[in-house]
Amino acid sequence: MQLAKRLNRLPPYLFVEINERVGELRARGKDIINFGIGDPDLPTPSHIIEHLCQAAHDAVNHRYPETGGLPELREAIAEWYGRRFGVTLDPAKEVLPLIGSKEGIGHMALCFVDPGDLTLVPDPGYPPFSLGTILAGGEPYFMPLKEENGFLPDFEAIPDDIADKAKLMWLNYPNNPTGAIAGLDFFEGAIHFARQHDLAICHDAPYTEVAFDGYKPPSFMQIPGAKKVGVEFHSLSKTYHMTGWRIGMLVGNADMVNALFKVKSNLDSGIPQAIQHAAAEALRGSQKHIAEHNAILQRRRDKLIKALNEVGLTARIPKAAFYIWARIPQGYTSIDFAKKLLDEVGIAVTPGTGYGREGEGYVRFSLTISDDRLEEGVSRLSSWSRRRR
Ligand SMILES: Cc1ncc(COP(=O)(O)O)c(C=O)c1O
């Protein structure tokens, strides 16, 4: 048997060592608090589940769905973008439901990348941005996200010949893993840069509804020129706590939406229809849980930041997304520090290098663990810092 060479181009999975260590420690009976996973711990709101159950009983929804999604869901997505961001979308041409945004992100590379093509990808960044390019035979060019630049890419620093050669640029705000945010002026700059170099933009925005201190993250689609050069990926995963149901969406430039539809219609058979009905209900129904969930996450954020400062980990206070990107003390690699936290305090975090070379010197804590586990983690960190003094 000979597997395709493209599989050898995928980088080694950096979390293997940490995951194995978590397994070993748990097998020895050690209680590990896992701050590593970005998956909401609170349940999907019950009105959405009730709608899903009703739709599951309807035999119409037992058959193959259409790749393009139910017209009702496309309309609900367009209406939601109108209400939330004041953005007008044509549900027939500028909206495409996805089997979770990760699926669409991975497949988008097939629409743009021929062997040897370049894409511009943030570092640190959500791994599927670069892995999609690699699987399609292309090369990611990494744009460093530096703390001194607010974790925004510096377009001026990208050599002209690279920008001219690249076909696609990935952006993601509110950002995973740094928790950084971007304003409309940044998106305007990105569109200007894309037009100068004939680039398409894919903005990934699953965290626009997870925000704190009264902040409301904008959408890239709010910029009048956005539809000419790009699209936005969004998701119901984080907003409605629906990670397990697998549903997201792509909106924006009709040609890019159609290109992804073309790829997907040859590879998948759409999203189970009962889930599409539940998603339309989520987007159209009560949104009151969003503020409630954000208040819970904000309280967790404040407690954890305080504990991290006590142990000498410095972190910006994130205004959105549910991650704390903490700078580790000098003298450790991020993997070594993650192992130390695991061995000495029983706390699992994600080493920054899992998101790219620029992640060295950082670890990521996710706020999506229950309040009592978070409290336990905070108290372990505090007693660790007292022991080390
Ligand atoms: C930046 C980013 N984009 C996309 C996703 C994937 O979300 P979905 O559940 O819609 O596939 C995640 C999930 O963690 C993410 O952090």
Side-chain angles (χ1 to χ4, degrees), residues 10-42 123-127 131 145 147 151 175-180 243 296-297 299-318 321-389:
L10 294 175
Y13 185 57
L14 272 164
F15 309 131
V16 169
E17 228 181 313
I18 299 277
N19 288 349
E20 278 176 0
R21 188 93 191 109
V22 169
E24 269 166 39
L25 292 169
R26 282 197 169 137
R28 281 200 251 139
K30 187 140 186 196
D31 175 37
I32 305 296
I33 302 177
N34 194 350
F35 281 94
I37 299 168
D39 188 354
D41 58 303
L42 299 162
D123 176 7
Y126 180 57
L131 299 181
L145 305 187
E147 188 156 355
F151 296 112
N175 184 259
N176 175 15
T178 66
T243 48
I296 294 171
L297 290 167
R299 268 200 310 277
R300 292 179 186 169
R301 174 198 72 173
D302 294 341
K303 275 187 194 156
L304 187 59
I305 291 265
K306 191 160 165 279
L308 294 181
N309 287 337
E310 278 173 22
V311 292
L313 297 180
T314 49
R316 292 167 156 236
I317 302 174
F322 40 54
Y323 304 110
I324 294 182
W325 186 238
R327 190 175 260 292
I328 60 175
Q330 296 231 322
Y332 295 97
T333 64
S334 55
I335 295 228
D336 286 344
F337 193 77
K339 279 193 202 149
K340 189 175 171 68
L341 275 181
L342 194 54
D343 289 339
E344 296 184 16
V345 217
I347 285 182
V349 294
T350 317
T353 39
Y355 301 95
R357 280 205 346 225
E358 293 290 330
E360 188 53 276
Y362 294 89
V363 291
R364 192 194 77 171
F365 287 77
S366 170
L367 298 171
T368 56
I369 67 171
S370 66
D371 288 319
D372 56 330
R373 296 300 279 162
L374 185 116
E375 293 283 357
E376 168 65 17
V378 162
S379 94
R380 284 189 197 179
L381 286 168
S382 301
S383 50
W384 191 52
S385 88
R386 282 197 298 276
R387 285 202 304 275
R388 292 166 79 218
R389 261 185 225 136

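Note that the structure is a prediction, hence the values are computed from the model and not measured.
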Query raised in the report: Do any pairs count as a salt bridge (Lys or Arg N to Asp or Glu O under 4.0 Å) and have a residue in residues 349-362, sequence neighbours left out, and if so which ones?
Result: K146-E358
Query raised in the report: Can you name the residues that form a side-chain hydrogen bond (donor to acceptor under 3.5 Å, both in side chains) with E344, not counting sequence neighbours?
Result: K340, W384
Report task. Can you sort out the partners of K306 under side-chain hydrogen bond (donor to acceptor under 3.5 Å, both in side chains), two or more places apart, ordered by chain and number? Result -> none
**Report entry** For N309 against A315, the heavy-atom pair lying closest together
**Finding:** OD1-N, 4.4 Å
Requested in this report: Would you please name every residue forming a side chain to side chain contact (heavy atoms under 4.5 Å, CB included) with T350, sequence neighbours left out?
Outcome: F15, Y355, R364
Query raised in the report: Which residues satisfy the side chain to side chain contact (heavy atoms under 4.5 Å, CB included) test with D371, sequence neighbours excluded?
Result: I296, R300
**Report entry** side-chain hydrogen bond (donor to acceptor under 3.5 Å, both in side chains) partners of T314, counting only residues at least two apart
**Finding:** none
Query - F337 and P351, any side-chain heavy atoms less than 4.5 Å apart - result: no
Requested in this report: Just jot down the side chain to side chain contact (heavy atoms under 4.5 Å, CB included) partners of S379, sequence neighbours excluded, or say none.
Outcome: E376
Requested in this report: Quick one: list whatever passes side chain to side chain contact (heavy atoms under 4.5 Å, CB included) with I317, sequence neighbours left out.
Outcome: R301, I305
Query raised in the report: Is there side-chain contact between T178 and Y362, with at least one heavy-atom pair below 4.5 Å?
Result: no
Query raised in the report: Do F35 and L304 have side chains that get closer than 4.5 Å, going by heavy atoms?
Result: yes
**Report entry** Contacts of K303 that satisfy salt bridge (charged side-chain N to carboxylate O under 4.0 Å, His left out) - sequence neighbours left out
**Finding:** E375
Query raised in the report: Quick one: salt bridge (charged side-chain N to carboxylate O under 4.0 Å, His left out) partners of D343, sequence neighbours excluded?
Result: R21
Report task. With sequence neighbours excluded, tell me which residues meet side-chain hydrogen bond (donor to acceptor under 3.5 Å, both in side chains) with D31. Result -> R373, R380
